[in-house]
Amino acid sequence: MVVEGAVAERLLDDFRLLLGAGVELVGVDRERLADPVGEGGLGAHGTVDDPGRQKGLRPTGGVGAVGTRPVRPETDPYRGAFAERSRTPRMEFAAFAERAERLAAEPADIETTRLVADLLAAAGGRGKSDDLATVTRFLLGRVFPAHDTRTLDVGPALCREAIARAAGPNVGAADVEERLAEAGEIGAVAAGFDFGGQRGLAAFGEGRDRLTVAAVDAALRELAADAGDGSESRKRDALFGLFNRCEPAEAKLLARLVLGEMRLGVGEGTVRDAIAEAFLAEASADDGKEGNDGDDPTLRARDEAAAAVERALQVTNDYGRVAVLARDEGLAGLRAEGLAVGRPVQAMLAQAGTATDAVEAFGEVAVETKFDGARVQVHYVPESAAEGGEGLGPRVYSRNMDDVTDALPEVVEYVEARVSVPVILDGEVVAVDDDGDPLPFQEVLRRFRRKHDVDRMREEVGLRLHAFDCLHADGEDLLDEPLRARHDLLVDVLPDAAASVEFADDPEAIEVAEAAALDAGHEGVMLKNPDAAYTPGDRGRDWLKRKPDVETLDAVVVGAEWGEGRRAELFGTFLLGVGAGDDEFATIGKVATGLTDEALADLTERLKPHVVSEDGTEIEIRPEAVLEVGYEEIQTSPTYSSGYALRFPRFVGVRDDKSVGDADSLERVARLAGDGAE
DNA sequence: TGTGTCTGCCCC
DNA sequence: ATTCTGC
DNA sequence: GCAGAATGGGCAGACACA
């Protein structure tokens, strides 16, 4: 059997993972095997039956065999194209880690963007390796783009176990957990161990067998493709193999990558700007020469470039792909990525605001019901409306662009029965009882991502779509149309079924509408600017959400958890209880938000003397302090001993005036919960 | 087969 | 989801 | 005002293990 190019290198890398670090290449020129991999084309791939006997591999002692069964993914993990820009060296994972370290240390915004742009250029600039797509995703803590069904299925537990194993026979998962409580961040824990890979590496010389970005990517993709019996332990083995080859800086980044938390201070906005900076600066300069009136032309061109990148991201949801597109096809290529029925767009989001805010900002306000359900986007091309081609049965996407069609047959039927032109609709799915009245959010959850027994559950919990926006109708993209026009088209497309809007220009009228919505069992109202365009992914001031003011409870701190990141030295979470008689307290949830760093430090100091016991990051605390905690709703809970839990709990203040005996009781909570349900 | 634990760019 | 923080 | 970070409850699905 012959394997070559990228496939060969990947297989070799993967065999090393399976065998541990102690494998040496014999008679294989790695440089000549190197071949770039993108996300685009289809690639050939091979499967090898017995890696142990594969020619060119020879065990060299070291760690020895772990998980000797090769992973055979169902889908092809080697989807890379054998692109033209081959024979260039791959970016080493260590180089990525080193640059990431610098990023994390850089506080200034502009400079961060510069550094990210430099990194992107190094990963995929002309004549460089083509690790651009991968590096772009890695920066954001992702292996797969958002609109991709694949998942790693590796969480904190599996990651800790893999680290423990790589750290040696004397280190157990409990030790790792202890260190995590100490360091407050898994990356630092991983970097703190001397992994076997380093010793193994030293045995056969400097610079050999270094991990590349591409190899890490390939290994993680393969890991993601694994499923079924034994997959958990194979994933652990694969991760172990990777950690084994890591130097501390690499281990830190790898641990963070698999958990999706890079902690670099680099988010989507920074990467978006950096893509423009790295690959569209030339276009900017050209534009600049032509139009040099008024504003700084370079700046204007740069804004234009950033806007083009942003739009491409809104419709493709793939940072890696957009980076490559910007580099290879520039502004024109980015602008060619438009809306497409069947490809989800990022949802427009809202921020909190009041009726007065809305009237002041918009004058006339579009008032809609805020439903307590799950956001969906529906794409549909009816057979009858398909020009030449085939139609597209209704597809339903979640806010994170997961395809949830199969769980929501009501939505499919509803749209199919009413819509006769191609559309993209935005709306909310709510659970309803037999009378059509809204049910609690928890009921939506029982349906939303269900795969089994959909039909049976359908009888128990009904679902209803409230469509409130229309992004595409009958061949026309509507993103840049004002809300008014979009809603008119929505009504055209969904006769008698679109969610209703009411226009108001004074706060009192809005408050009346809000009271009516709450009375009907809804969450509140949305207050929208009637003249605003639909801005995907934007949490701007054109959409405001208005919910009732928070209610509060006085609860007793009965436990805590050590925090992570900037809360590493502090308690990051407090476990709450309410009085259940006889100096007993029944738990009702945790709080972790709403505390300033200062309040957190004070509370940590104050409660430390009352610690009863510690187990990993979990701490038991003698009831002593009373906190005022805000919440939105009291729900029934299977996890807390009171049988209730707070929805959206947040710290409001310390009740120094209250002793634990004066805190709220379970009895009162039960009463409040009952009120809420009625 | 039943139960416990972990995971999810999960949903909010 | 909510909230705080630094720029 | 924005982006980023650090956190909440609860559900189904999937896997491990007894």
Side-chain angles (χ1 to χ4, degrees), chain A residues 107-110 112 137 140-159 161 184-185 227-233 235 259-270 272-273 317 319 349 351-352 372-376 398-402 404 407 428-429 440-454 457 523 538-541 545 547 550 561 563-568 570 572-574 576 588-600 629-640 644-652:
Chain A
D109 227 33
I110 302 288
T112 301
R137 295 190 193 108
L140 293 168
R142 283 170 203 161
V143 177
F144 301 110
H147 178 44
D148 191 312
T149 53
R150 289 173 287 182
T151 52
L152 294 180
D153 287 311
V154 172
L158 210 57
C159 187
E161 287 171 25
E185 192 263 306
D229 276 6
S231 61
E232 226 173 85
S233 100
K235 284 175 193 234
L259 297 182
E261 296 171 350
M262 299 306 274
R263 298 171 193 273
L264 301 176
V266 173
E268 302 189 350
T270 309
R272 183 230 300 138
D273 293 347
N317 308 299
Y319 279 77
L349 305 170
Q351 43 182 298
D372 192 9
R375 187 81 174 268
V376 291
S398 72
R399 205 187 89 175
N400 283 324
M401 289 156 289
D402 255 16
V404 290
E428 187 93 358
V429 165
F441 177 71
Q442 277 163 303
E443 300 298 322
V444 184
L445 284 186
R446 297 175 64 200
R447 290 284 320 267
F448 197 64
R449 282 156 49 84
R450 174 173 288 276
K451 286 189 189 175
H452 310 301
D453 300 324
V454 172
M457 274 306 289
E523 205 182 2
D538 191 25
R539 174 158 264 146
R541 297 292 302 176
K545 54 180 164 183
K547 302 199 260 188
V550 291
E561 287 164 30
E564 297 202 359
R566 71 168 192 248
R567 292 187 180 177
L570 306 168
T573 302
F574 297 97
L576 304 171
I588 192 169
K590 301 180 215 177
V591 240
T593 188
L595 298 118
T596 60
D597 290 353
E598 195 190 353
L600 208 52
V629 181
Y631 63 90
E632 191 158 305
E633 187 180 30
I634 295 174
Q635 37 188 9
T636 60
S637 166
T639 49
Y640 292 104
Y644 297 100
L646 307 179
R647 176 140 84 137
F648 308 145
R650 56 264 216 185
F651 172 85
V652 173

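Letters go in sequence order (proteins before strands), and every chain restarts at 1.
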For nucleotides D/dA3 and B/dC10, find the distance between their C1' atoms and express it as a whole number of Å.
-> 23 Å
To the nearest Å, give me how far apart CZ (A/Arg539) and P (C/dT3) are.
-> 12 Å
To the nearest angstrom, how far is A/Leu349 atom CG from C/dT2 atom P?
-> 12 Å
B/dC6 and D/dG8, which share atom name P, separated by this distance in whole Å = 16 Å
Range-with-range stems for DNA chain D, at least three Watson-Crick or G-U pairs under 3.5 Å = B:1-8 with D:11-18, B:10-12 with D:8-10, C:1-7 with D:1-7
May I ask you to evaluate whether A/Lys451 reaches the phosphate of B/dC10, defined as a side-chain N or O under 4.0 Å from OP1 or OP2?
-> no
Should A/Arg375 and A/Glu428 count as an ion pair when the cut-off is N to O under 4.0 Å?
-> no
Identify whether any heavy atom of A/Arg447 sits under 4.0 Å from a base atom; if not, whether one sits that close to sugar-phosphate; answer base, sugar-phosphate or nothing.
-> nothing
Chain A footprint on DNA chain D, 5' to 3' - any atom under 4.0 Å from a heavy atom | D/dC2 to D/dA16
Measure from the side chain of A/Ala374, starting at C-beta and using heavy atoms only, and say which of B/dC11, C/dT5, C/dT2 lies closest.
-> B/dC11
Looking at A/Asp148 and A/Arg142, does any basic side-chain N land under 4.0 Å from a carboxylate oxygen?
-> no
Euclidean distance for C1', B/dG8 against B/dC12 (whole angstrom) | 14 Å
